[in-house]
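Treat the numbers as computed from the prediction; the structure is a model and nothing was measured.
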Amino acid sequence: MTFFNEKIDRLNTASVKWEATKEIFGETDLWPMWVADMDFKPPQAVIEAIKKRADHGVFGYTFIPESTKQAIAAWVSKRHSWTIDGSWLLYCSGVVQAISTAIQAFTEEGDRVLLQSPVYTPFFEMIKQNNRTVVNSPLILEGNQYRIDFAAFDEELKKGCKLFLLCSPHNPGGRVWTKDELLQMGELCLKYNCLILSDEIHSDLVYKEYKHTPIASITEALSENVITCIAPSKTFNLAGLQASVAIIKNNTLRKQFDDTLKRQGFFTLNTFGIIAMEAAYLEGEAWLEKLMAYLQDNKQYVLNFLQENLPEITCIDSEGTYLLWLDCRKLGLSDQELRASLLQKGRLALEPGTKYGLGGEGFVRMNIACPKEHVIEGLNRLKMAFK
């Protein structure tokens with residue numbers, strides 16, 4: 001675990017997390033536990049692969065080799081028990097680009113696109129920026145866990161939705177949807193002829209008691225009605241290398257998606273994104289297992305700290321991701337007061353829950369993918385903010 005305890009100075013690297021707080025929060029000198037990247041180096045095999053390619057010294061046009069496709073397929077098979085073919089794969093700079101591409105490829109302006117709040121902010125942004133209509137079927141917080149309101153979900157689909165954006169595992173709530181939940185959502189989408197884009201970028205970051213199921217893997221019918229988006233960026237802290245994968249079995253859908261990418265002028269991934277993705281999927285598993293144990297320990301530390309020092313703040317039961325969704329509603333503060341206390345008294349940068357749509361009021365999101373010492377400092381600042 002000593003690897004993950006290493007403190008790495010990320011200043012002067014154009015780090016959004018550490019150096020963009022003035023732009024995002026209006027304040028400098030904040031302790032950053034907000035945007036979803038890690039303060040850890042990736043597996044050494046990834047670093048060595050990048051160094052080796054850099055030492056070659058020539059960086060001309062690069063295609064995505066068969067070995068990369070095989071590495072992706074082998075990873076998905078081993079980690080998620082889903083057999084895919086390399087011919088199903090298309091590539092984007094990131095999952096957000098893939099979401100926007102799918103919206104452009106499979107819907108028209110004004111069409112209704114379904115999501116479930118509170119949810120990852122770009123879901124809303126990509127729908128709106130492409131002039132589609134946001135349709136929300138909010139999740140229900142029951143006890144300390146989110147569940148799906150299937151009656152409301154059915155009702156919105158019945159009114160007509162061209163596309164459903166699924167967040168699986170869920171960001172920010174940390175739910176790892178069960179196979180039964182996924183099947184029920186998938187069958188409703190099939191019933192009402194609604195395509196599914198499943199954002200599964202956090203699929204590798206699941207705690208031991210739980211199992212991620214790719215929704216496209218459940219039935220043959222679903223495999224033909226789902227665009228699955230994955231990436232090594234969250235799993236191995238490679239977001240800056242801009243590489244993601246869209247898994248599309250349906251030939252017609254894959255061609256439509258690819259045609260839209262070509263209209264955007266997209267050609268291929270950058271050289272180092274390709275190299276890093278292949279190395280991570282081939283040689284990163286042992287590193288990931290150690291990471292998940294470290295994150296589990298960080299999560300438990302947060303839970304214990306809150307119980308002992310800030311019992312008014314509860315953590316939604318997190319089954320996956322390195323993001324904790326903190327319920328601050330018992331503090332009795334407005335979202336503006338919550339923000340002011342965090343920034344001015346605690347000097348702590350957390351994601352405000354209001355960014356995630358209806359149901360996010362009174363919540364904040366905390367990133368615990370950092371050395372434990374960093375987590376401890378953040379929690380002490382959280383205590384200062386509200387004591």
Side-chain angles (χ1 to χ4, degrees), residues 1-10 15-18 32-50 71-72 74-81 94-95 168-176 199-212 214 230-241 243-245 273 275-304 315 317-325 365-379:
M1 295 300 182
T2 54
F3 175 88
F4 297 107
N5 284 326
E6 181 185 0
K7 291 185 291 182
I8 301 169
D9 184 359
R10 296 184 63 188
S15 165
V16 170
K17 182 177 184 178
W18 284 85
M33 299 182 75
W34 61 292
V35 72
D37 74 7
M38 298 191 268
D39 289 316
F40 307 134
K41 291 180 181 178
Q44 189 61 30
V46 174
I47 296 172
E48 293 301 326
I50 292 172
I72 295 164
W75 180 266
V76 171
S77 175
K78 185 172 184 181
R79 300 294 298 188
H80 306 302
S81 306
V95 170
S168 177
H170 182 253
N171 172 15
R175 268 304 308 276
V176 177
D199 174 359
E200 301 187 13
I201 197 170
H202 294 278
S203 57
D204 299 317
L205 300 165
V206 172
Y207 296 108
K208 276 188 177 178
E209 314 93 282
Y210 305 99
K211 169 72 174 170
H212 171 75
I230 64 170
S233 52
K234 293 291 183 283
T235 308
F236 299 105
N237 203 28
L238 303 175
L241 295 180
S244 75
V245 182
I275 292 291
M277 179 160 57
E278 180 172 330
Y281 285 145
L282 283 178
E283 302 185 68
E285 187 170 43
W287 180 95
L288 176 59
E289 294 299 330
K290 293 175 183 176
L291 169 72
M292 292 311 300
Y294 193 86
L295 293 177
Q296 177 71 57
D297 191 55
N298 275 358
K299 182 178 77 165
Q300 191 59 53
Y301 188 91
V302 173
L303 296 176
N304 293 343
C315 182
D317 189 17
S318 176
E319 301 169 348
T321 83
Y322 51 71
L323 307 166
L324 298 183
W325 189 231
R365 194 189 75 172
M366 174 181 281
N367 176 353
I368 59 167
C370 50
K372 177 163 285 184
E373 188 175 322
H374 188 116
V375 173
I376 292 169
E377 176 66 22
L379 290 172

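Within the 3.5 Å criterion, the main-chain N or O of I368 finds a donor-acceptor partner in the side chain of N298. Remark: the backbone N or O of C370 is not paired with any side-chain donor or acceptor of Y322 at under 3.5 angstrom. Distance alone, capped at 3.5 Å, places no donor-acceptor pair between the S233 side chain and the A239 backbone. Under the 3.5 Å distance criterion, the side-chain polar atoms of R365 are matched with a main-chain donor or acceptor of W34. Proximity of a side-chain donor or acceptor of N367 to a complementary backbone N or O of V35 within less than 3.5 Å is detected.
Rounding to the nearest 0.5 angstrom, the gap separating the CG atom in L295 from the CG atom in L288 is 9.0 Å. The CD1 atom of I8 sits 11.0 Å away from atom CE of M38, with the distance rounded to the nearest 0.5 Å. For the atom pair OH of Y281 and CG of D204, the computed distance is 6.0 Å after rounding to the nearest 0.5 Å. Interatomic distance, F3 CZ to Q44 CD, rounded to the nearest 0.5 Å: 7.5 Å. Annotation: the span from L241 atom CG to I50 atom CD1 amounts to 5.0 Å, rounded to 0.5 Å. Note: K372 NZ to Y301 OH = 7.5 Å, rounded to the nearest 0.5 Å.
Note: F4 and Y294 have tilted aromatic rings, judged against thresholds of 30 and 60 degrees for the angle between ring planes.
Using a 4.5 Å heavy-atom threshold, the side chains of M366 and L379 count as touching. Residues I72 and I230 meet the side-chain proximity criterion, which asks for heavy atoms closer than 4.5 Å. Contact annotation: the side chain of H80 approaches that of H212 to within less than 4.5 Å [non-hydrogen atoms, C-beta and beyond]. Counting heavy atoms from C-beta on, the side chains of D39 and K17 come closer than 4.5 Å. Residues E285 and R79 are in side-chain contact: their nearest non-hydrogen atoms beyond the backbone lie under 4.5 Å apart. When side chains are defined from C-beta on, L205 does not count as touching P169, because their heavy atoms never get closer than 4.5 Å. Put simply, the side chain of H374 reaches to within 4.5 Å of the side chain of P32, judged on heavy atoms. Here the side chains of E209 and Q296 are in contact, with some heavy-atom distance below 4.5 Å.
Scanning for ring pair (Phe, Tyr, Trp, His ring centres under 6.0 Å) contacts around F236 gives W75, W287, with sequence neighbours left out.
Taking each heavy atom of A243 and P232 in turn, the nearest pair found is O-CD, 3.4 Å.
A cation-pi contact links K299 to Y207, judged by a cut-off of 6.0 Å to the six-membered ring centre and 45° from its axis.
The neighbour count for K78 NZ, taken as heavy atoms of other residues, nucleotides or ligands under 6.0 Å away, does not exceed 12.
Partner of T321 under the side-chain contact (heavy atoms from CB on, under 4.5 Å) criterion, chosen from H202, H170, K234: H202.
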- [ ] Take V46 and E283 through the side chain to side chain contact (heavy atoms under 4.5 Å, CB included) test and state the conclusion after the steps.
- [x] CA-CA 8 Å; V46 174; E283 302 185 68; over 6 Å; no
